[in-house]
There are 2 protein chains.
Amino acid sequence: MPQFLSTNDPDFEAGFAALLSAKREDSPDVDAVVADIIADVRARGDAAVLELTAKFDRLEIDAAGMAFSDAEIEAACASVSEADRVALELAAERIRAYHERQMPEDARWEDEAGASLGWRWTAVSAAGLYVPGGLATYPSSVLMNAIPAKVAGVERLAMVVPTPDGEVNPLVLLAAKISGVDEIHRIGGAQAVAALAYGTQTIAPVDKITGPGNAFVAAAKRRVFGKVGIDMIAGPSEILVIADADNDPDWIALDMLSQAEHDESAQALLITDDEGFGQRVAEAIEARLETLERRTIAGASWRDFGAVITVRDMDEAVALSDRIAPEHLELCVADAEGMAAKIRHAGAIFIGAWTPEAIGDYVGGPNHVLPTARSARFSSGLSVMEFLKRTTLARMTPDALAAIGPAAETLAISESLEAHGLSVRARLDKLNRS
Amino acid sequence: MPQFLSTNDPDFEAGFAALLSAKREDSPDVDAVVADIIADVRARGDAAVLELTAKFDRLEIDAAGMAFSDAEIEAACASVSEADRVALELAAERIRAYHERQMPEDARWEDEAGASLGWRWTAVSAAGLYVPGGLATYPSSVLMNAIPAKVAGVERLAMVVPTPDGEVNPLVLLAAKISGVDEIHRIGGAQAVAALAYGTQTIAPVDKITGPGNAFVAAAKRRVFGKVGIDMIAGPSEILVIADADNDPDWIALDMLSQAEHDESAQALLITDDEGFGQRVAEAIEARLETLERRTIAGASWRDFGAVITVRDMDEAVALSDRIAPEHLELCVADAEGMAAKIRHAGAIFIGAWTPEAIGDYVGGPNHVLPTARSARFSSGLSVMEFLKRTTLARMTPDALAAIGPAAETLAISESLEAHGLSVRARLDKLNRS
């Protein structure tokens, strides 16, 4: 049974705190196995990757067959239906347009001391994109990871995707092609992450690795972090819908089920100011669960982690939402824009009942890789920024150094860093002599 | 002996690769100890923190004495010399002015489909700042961490600084006060990180923790990552100077020693197109090492990790620099601006011989917390961005949903996510009926 809470209940705070802190996923401890795999790939390169691919994916290939050939990619793309291709292209175009607006600007200025200061953004040279194989292969995730990298200016984007028993989703290859991915390797697991991070005879190393994966992939990303950059390690997906009684309960039910169907660990929450409406949504969820294809998964998620919270007014809803810091927040209320403006912690906000969260998963434009498990309190979704880095710039003139150098010397001496002070002093002395 | 390499040497590539991959720091494995400390603080709160503070810092305090009182802070600040106070205030003012320019802009627009899209930046609500105690207590680091947090709009900034045997550097407290730090706790180590991440009876939990620390602090930050955000785990500092023969060898020597004196694991590198100049810099370093206060540390760094690389021309210097991806890059060449424009991977660039790196450590304005160990290939120095997060915004109209909804439905079906498709379809059906 999902939980039904009300801020009118005397024990609401305890129930809400329990909901917030509920652990929804047990990650198996695969760290030792992953450490061995990474060491093996570092030591033996291609040979290790190919052996592990034969073992885990039941796929016998040689180094030359690791990458998909252009002909293979073309053939796969040609097998995609016209409707799917057009939909993917629309999604790609909208995602590209949104992320192009994210490009940050360089800056350079001279201040009153005469110092020239600024910064410059440059792209990561080479990035790797992990794409899961099997059931959880989502072409939309390829678009969401690859397009920001290419918009940022990444020159070489290498994708890895395991193909268990040789099977591959043609839509994934088409999404890669549309996004401008430069190379696609049919490998996966920790061995693929290690190959991207350290390189092999066939695969050149990259500087940054993004993309979702199972426990082995997550552990491998954690281990190679530092050698390369990584994106967040995402937890199970979640949605919070804030809705008043002027909504169709079935729409809200479907929006919540569209999270619940991802994963038994996913979480769908509703906050409403009308207890009866909350009941009607719960009933609509039960009704939809009778026929939904993924009813076993969605049903488990709803039963174990779902909740309906009744609040006295919508200000309470905003305050609770910020404590939840949801990955996806859908606002189906009269003044949805006004409420959105009050929200402080959320990965993405879907404003108004005509904006189902699923739009954001595919074609809205914003990224669908978003902070989970309350991490929207301190982090953001994927963007072009993950594929850029900033170099700060400073240039002193003799006058600028004369103006601010003595303070640097004073602070260096106070920190007992003599050479720091002397490096400034040597220049100041030259100025004083001339 | 530092290394002397030349791109004319037939074995240059091997020597340079060895230099790039040299491991400069062995981190002791303290993870098990740190895990116990964190579990203890989570279980027992203040009591655990106070016991560990008594044990590690030889300091007996009670919960009420954990935070410095206003009177204690005032007294410490009053003990700072006028010269030091003025220098700190100048540094703070310049750092603040630089970081204010970094504030990113919100965006909102309507696209041709009629969808309203955008994003909004908000500050992390509460941040924790770790400041090392003892020898490595740098007031400049307090400014560099605290000011970006406050510029970003962090409402509550809690600082922790261990005070072994009760000793505290008054400059650190003054720097905290100038920066607007809201509370200062005299605790340190993994127990302080745990207290910030999970909270105790006395210390409210924060959302993000930044600041440098020893192996215990670094391990604790890694462990609480996910519960809270953290900044990078910095390695030993490094500088690369690219200089032609028109420089005073003593200036360059001092700039290199100002890195070397930080730490025996620090690294100072010189690239020059004049072998004789390289020799003169090396001689100047040896001469300065005879009298430098921190000559033991700086000497060990220079002997074990220092290098002078002679190149045929400055284009080679740029290419090698990008392979090093230095934390600090100083360009002392005729066309320093032109060379800076060609550089792709560097944490901070100091342009021209009148810009010693030490200026950037204190009063330049840019942040001195920068990516080490070649991570400038994929990451940036500390900025206001570390204390902000982005919420993406999307609002569909019925017309916008009619335009792009069908593509979302198509992609949902192709990914076997039925409820995703149904959540869009239910709305499209309503439009079709009306």
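What's counted below: heavy atoms across the whole structure, side chains too, no hydrogens, waters or symmetry copies. Chain naming here is simple, since letters A, B, ... match the order of the sequence lines and numbering starts at 1 in each.
- If you measure heavy-atom distances from B/Leu90 to chain A, the contacts under 4.5 Å come from the side chain alone.
- Contacts between A/Leu401 and chain B at a heavy-atom distance below 4.5 Å involve the side chain alone, from C-beta outward.
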Run B/Lys389 and A/Phe378 through side-chain contact (heavy atoms from CB on, under 4.5 Å) and show every step you take. CA-CA 6 Å; B/Lys389 63 264 181 348; A/Phe378 54 80; 5.6 Å; no

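- In this structure, B/Glu418 CD and A/Leu254 CG are separated by 9.0 Å, a value rounded to the nearest 0.5 Å.
- For B/Pro406, no part sits under 4.5 Å from any heavy atom of chain A, backbone or side chain.
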Begin from the C-alpha positions of B/Ser423 and A/Met256 and carry the test side-chain contact (heavy atoms from CB on, under 4.5 Å) through to its verdict. CA-CA 9 Å; B/Ser423 73; A/Met256 294 175 73; over 6 Å; no

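- Heavy atoms closer than 4.5 Å to chain A are found in both the backbone and the side chain of B/Ile343.
- Of the listed residues (A/Ala348, A/Gly235, A/Ala253), the greatest number of heavy-atom pairs within a distance under 4.5 Å of chain B belongs to A/Ala348.
- Under a cutoff of 6.0 Å and an axis angle of 45°, A/Arg395 and B/Trp354 do not form a cation-pi pair.
- Considering only heavy-atom pairs separated by less than 4.5 Å from chain A, the leading option among B/Asp248, B/Ile413, B/Leu411 is B/Leu411.
- Neither the backbone nor the side chain of A/Val154 comes within contact range of chain B, judged by heavy atoms closer than 4.5 Å.
- Proximity to chain A involves both the backbone and the side chain of B/Arg101, based on heavy atoms less than 4.5 angstrom apart.
- Distance check, rounded to the nearest 0.5 Å: CG of B/Asp429 to CH2 of A/Trp251 gives 10.0 Å.
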Could you give me the CA-CA distance, side-chain angles and deciding distance for B/Met385 and A/Met385, then say whether side-chain contact (heavy atoms from CB on, under 4.5 Å) is met? CA-CA 10 Å; B/Met385 307 298 280; A/Met385 306 299 279; 3.6 Å; yes

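- Listed here is the closest heavy atom pair of B/Pro356 and A/Val424: CG-CG2, 4.2 Å.
- With chain A as the partner, the residue from B/Phe225, B/Phe350, B/Trp109 showing the most heavy-atom pairs under 4.5 Å is B/Trp109.
- In this model, a donor atom of one side chain and an acceptor atom of the other lie less than 3.5 Å apart for A/Glu415 and B/Ser140.
- Only the side chain of B/Thr122 comes within contact range of chain A, with heavy atoms under 4.5 Å apart.
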Yes or no on salt bridge (Lys or Arg N to Asp or Glu O under 4.0 Å) for A/Arg427 and B/Asp255, after CA distance, side-chain angles and deciding distance? CA-CA 11 Å; A/Arg427 285 151 168 107; B/Asp255 297 349; 2.7 Å; yes

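- With a threshold of 4.5 angstrom between heavy atoms, A/Arg85 does not approach chain B through any atom at all.
- When heavy atoms are compared at a cutoff of 4.5 Å, B/Glu337 approaches chain A solely by way of its side chain, counted from C-beta outward.
- Both the backbone and the side chain of A/Leu417 come within less than 4.5 Å of a heavy atom of chain B.
- B/Leu117 places a side-chain heavy atom less than 4.5 Å from the side chain of A/Pro366.
- Heavy atoms of A/Asp207 lying under 4.5 Å from chain B belong to its backbone as well as its side chain.
- Of the two parts of B/Arg295, neither the backbone nor the side chain holds a non-hydrogen atom closer than 4.5 Å to a non-hydrogen atom of chain A.
- At a threshold of 4.5 Å between non-hydrogen side-chain atoms, the residues B/His345 and A/Ser125 count as touching.
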Walk me through it: do B/Val124 and A/Arg377 pass the test side-chain contact (heavy atoms from CB on, under 4.5 Å)? CA-CA 6 Å; B/Val124 167; A/Arg377 291 175 296 123; over 6 Å; no

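- Looking only at heavy-atom pairs under 4.5 Å with chain A, the residue among B/Arg425, B/Glu409, B/Glu155, B/Glu357 that has the most is B/Glu155.
- The part of B/Arg120 that comes within reach of chain A is its side chain, from C-beta onward, which places non-hydrogen atoms under 4.5 angstrom from that chain.
- Contact annotation for B/Val206: only backbone heavy atoms (N, CA, C, O) come within less than 4.5 Å of a heavy atom of chain A.
- Counting heavy-atom pairs closer than 4.5 Å to chain B, the top-ranked of the candidates A/His262, A/Arg288, A/Lys208 is A/His262.
- Looking at A/Thr391, both its backbone and its side chain come within 4.5 Å of chain B, counting heavy atoms on both sides.
- Ranking B/Thr392, B/Leu422, B/Leu331 against chain A, the residue ahead of the rest is B/Thr392, based on heavy-atom pairs under 4.5 Å.
- Put simply, of B/Ser414, B/Gly381, B/Ala260, B/Gly229, the one with the most heavy-atom pairs under 4.5 Å next to chain A is B/Gly229.
- Of the listed residues (A/Gln102, A/Arg222, A/Arg374, A/Glu261), the one with the most heavy-atom contacts under 4.5 Å to chain B is A/Glu261.
- Residue contact with chain A, scored on non-hydrogen atoms closer than 4.5 Å, is absent for B/Ala107.
- Ranking B/Ser375, B/Ala113, B/Pro398, B/Ala353 against chain A, the residue ahead of the rest is B/Pro398, based on heavy-atom pairs under 4.5 Å.
- Within the 4.5 angstrom heavy-atom criterion, atoms from both the backbone and the side chain of A/Ala123 approach chain B.
- Atom CE of A/Met396 sits about 6.0 Å away from atom CD1 of B/Ile359, to the nearest 0.5 Å.
- With a 4.5 angstrom heavy-atom cutoff, B/Asp111 touches chain A only via side-chain atoms.
- Between the side chains of A/Ser383 and B/Arg390, at least one donor N or O sits under 3.5 Å from an acceptor N or O.
- Summarising the geometry of A/His420 relative to B/Ala358, their closest heavy-atom pair is O-CB, 3.5 Å, with the distance given to 0.1 Å.
- For chain B, no part of A/Met232 is nearby; none of its heavy atoms comes within less than 4.5 Å.
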